[in-house]
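As a basis for the values below, the full set of heavy atoms in this structure was taken, side chains included, without hydrogen atoms, waters or symmetry mates. What you are looking at is a predicted structure, and each value in this text was computed from that prediction instead of being measured.
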Amino acid sequence: MQATEFETDQMLKLLTEALRRGPASPEWHDALERLRQSGAKEADDYRLLMTVRERLESGQTYRQVRAGPEFTRELFEKIEAVGESAKARGRTAVIVALVCAAVLIGSIAVILKMMSNGQPPPMDSSVLAQTLFVSPMQQWVFASEMPEEAVINGPLKLQVQDGLRVARQDATGEATVISPESIDLATPVCIEAQVQFQPNQDARLAIGVAAENSDPASGGISILLQDQGFVATNGQSVTINRSLQPATYTVRIKLDAENAIIDVDGQTVWFGAHAVHSPVNAFIRLHKDGKRVGETRVKSLRILRP
């Protein structure tokens with residue numbers, strides 16, 4: 001398994017957290033899922049995590065690259081060569097070299113200034129896709145009661161019974177559970193939910209993020225699970241036609257200040273630029289339009305940082 005030092009550090013941290021929390025934890029499930037996707041075939045889960053972690057830890061090196069005397073000598077020789085050829089051919093090449101150097105130095109200066117101010121350089125979707133999110137900011141496990149800090153909007157009655165779901169009643173409507181903790185997108189974040197889905201039911205649910213103090217029902221980024229497939233929303237809705245089978249799915253929304261990625265069980269279903277203003281709040285939206293409630297529910301919700 002090949003990885004950059006950055007990726008190795010994050011994977012080592014993820015494996016350590018998984019082993020510390022144990023087999024029933026979301027970290028354990030996440031670590032195994034990532035290793036299996038990378039081609040690991042060890043039958044024993046614990047041995048697999050330990051083996052990979054030991055290899056990463058033993059193979060991890062940190063190297064510093066410094067300019068030696070040979071590099072300095074060759075640099076000055078090349079500068080002298082450029083000067084001699086410039087006398088023969090004119091100063092055009094030197095001017096071009098100086099302009100290029102100025103542009104490079106300017107770019108480096110901008111990046112260093114952003115980092116010194118606590119602002120990371122701009123990221124693209126490929127960097128976001130490779131980022132490992134292993135540090136929980138907030139975690140809700142819907143086992144038997146609603147978290148006290150959760151904010152609930154909407155008339156639909158909800159209940160917590162081995163997961164968050166709509167109550168068994170005749171009324172129809174919608175309700176949204178909002179995380180009150182604001183999320184700054186200057187640093188990438190991942191909203192992760194374990195969702196148990198049952199097709200042919202009148203209850204639907206969505207996981208998403210919306211700008212702070214805005215209406216989640218009318219904006220933001222979200223993914224809706226329904227019989228016909230996933231519906232990704234970012235200003236406009238895009239339906240991924242794939243008949244969903246009864247199962248428990250891991251839904252993730254990864255985003256930074258500019259880009260977002262939505263994946264299900266590690267497979268990307270949508271990615272692109274977004275226009276959601278930071279800070280944001282995570283939300284769970286449940287909708288009921290009939291009497292068949294079924295077993296569709298949210299088992300857990302986590303907010304993760306790298």
Verify same cluster id: V231, W270 (apolar side-chain graph, 4.5 Å) | no
Might you point out which heavy atoms bring V209 and F283 nearest each other, and give the distance in Å?
-> N-CE2, 3.4 Å
Between atom NZ of K157 and atom CD of Q159, what is the distance when rounded to the nearest 0.5 Å?
-> 11.5 Å
Is there a side-chain contact between P306 and L132 (heavy atoms, below 4.5 Å)?
-> no
Quick one: pull up OG in S300 and CD in Q139 and give me the separation to the nearest 0.5 Å.
-> 7.0 Å
Report yes if the side chains of T233 and L224 come closer than 4.5 Å at any heavy-atom pair, otherwise no.
-> no
Test side-chain contact (heavy atoms from CB on, under 4.5 Å) applied to L225 and V251, step by step = CA-CA 10 Å; L225 281 71; V251 178; 4.3 Å; yes
Supply the atom-to-atom distance I221 CD1 to I207 CD1, rounded to the nearest 0.5 angstrom.
-> 14.0 Å
Go through the steps for S135 and L304 under the test side-chain contact (heavy atoms from CB on, under 4.5 Å), then give the verdict.
-> CA-CA 5 Å; S135 302; L304 305 169; over 6 Å; no
Among K13, R34, R302, which one satisfies salt bridge (charged side-chain N to carboxylate O under 4.0 Å, His left out) with E27?
-> R302
Under 4.5 Å between any side-chain heavy atoms of L128 and P188, yes or no?
-> yes
Side chains of I183 and I191 in contact at under 4.5 Å (non-hydrogen atoms) | yes
Please tell me if the side chains of Q161 and S144 come closer than 4.5 Å, counting only heavy atoms from C-beta onward.
-> no
Using atom types as modelled and distance alone, determine if a side-chain donor or acceptor of H287 lies under 3.5 Å from a backbone N or O of A206.
-> no
Residues R204, D227: salt bridge by 4.0 Å N-O rule | no
Mind listing the closest non-hydrogen atom pair of A129 and K254 along with its distance?
-> O-NZ, 4.1 Å
In Å and rounded to the nearest 0.5 Å, what is the OG to CD1 distance from S179 to I284?
-> 9.0 Å
How about N153 and T176: does a side-chain donor come under 3.5 Å of a side-chain acceptor?
-> no
Would you say L35 and L15 make side-chain contact, with heavy atoms under 4.5 Å?
-> yes
Under 3.5 Å: donor-acceptor pair, side chain of S278, backbone of L185 | yes
Closest non-hydrogen contact found for A210 with S214 is CB-OG, 3.7 Å
Go through E33 and R252 one step at a time and tell me if the salt bridge (Lys or Arg N to Asp or Glu O under 4.0 Å) criterion holds.
-> CA-CA 13 Å; E33 180 182 336; R252 297 185 181 92; 3.6 Å; yes
Spell out, yes or no, whether F142 and V151 are grouped together once hydrophobic residues are joined by side-chain heavy atoms under 4.5 Å, including indirect joins.
-> no
Find out if a path of hydrophobic residues (ILVMFWY) with successive side-chain heavy-atom gaps under 4.5 Å connects I178 to L286.
-> no
Residue pair G163 / R297: nearest heavy atoms and the distance that separates them | CA-CD, 3.9 Å
Chi angles and distances behind the side-chain contact (heavy atoms from CB on, under 4.5 Å) call for V189, I303 | CA-CA 7 Å; V189 68; I303 302 174; 3.7 Å; yes
Please name the pair of heavy atoms, one in F197 and one in Q245, separated by the smallest distance, quoted to 0.1 Å.
-> CD2-O, 4.0 Å
Quick one: CD on Q194 to CG on L301, what's the gap to the nearest 0.5 Å?
-> 10.5 Å
Linking I/L/V/M/F/W/Y whenever their side-chain heavy atoms sit closer than 4.5 Å, directly or via other members, would V177 and V141 fall into one cluster?
-> no
For the side chain of R305 and the backbone of T187, is there at least one donor-acceptor N/O pair under 3.5 Å apart?
-> yes
Taking all atoms of both residues into account, what is the closest heavy-atom pair of L205 and V195, and its distance?
-> CD1-CG1, 3.6 Å
Are V276 and M137 connected, step by step, through hydrophobic side chains (Ile, Leu, Val, Met, Phe, Trp, Tyr) whose heavy atoms are closer than 4.5 Å?
-> yes
Donor-acceptor contact below 3.5 Å, side chain D265 vs main chain Y249 = no
Would Q201 and T296 count as having a side-chain donor-acceptor pair, cut-off 3.5 Å?
-> no
For the atom pair NE2 (H274) and CD1 (I262), what is the distance rounded to the nearest 0.5 Å?
-> 11.0 Å
Could you go through the side-chain contact (heavy atoms from CB on, under 4.5 Å) check for N259 and F271 one step at a time?
-> CA-CA 7 Å; N259 302 294; F271 70 93; over 6 Å; no
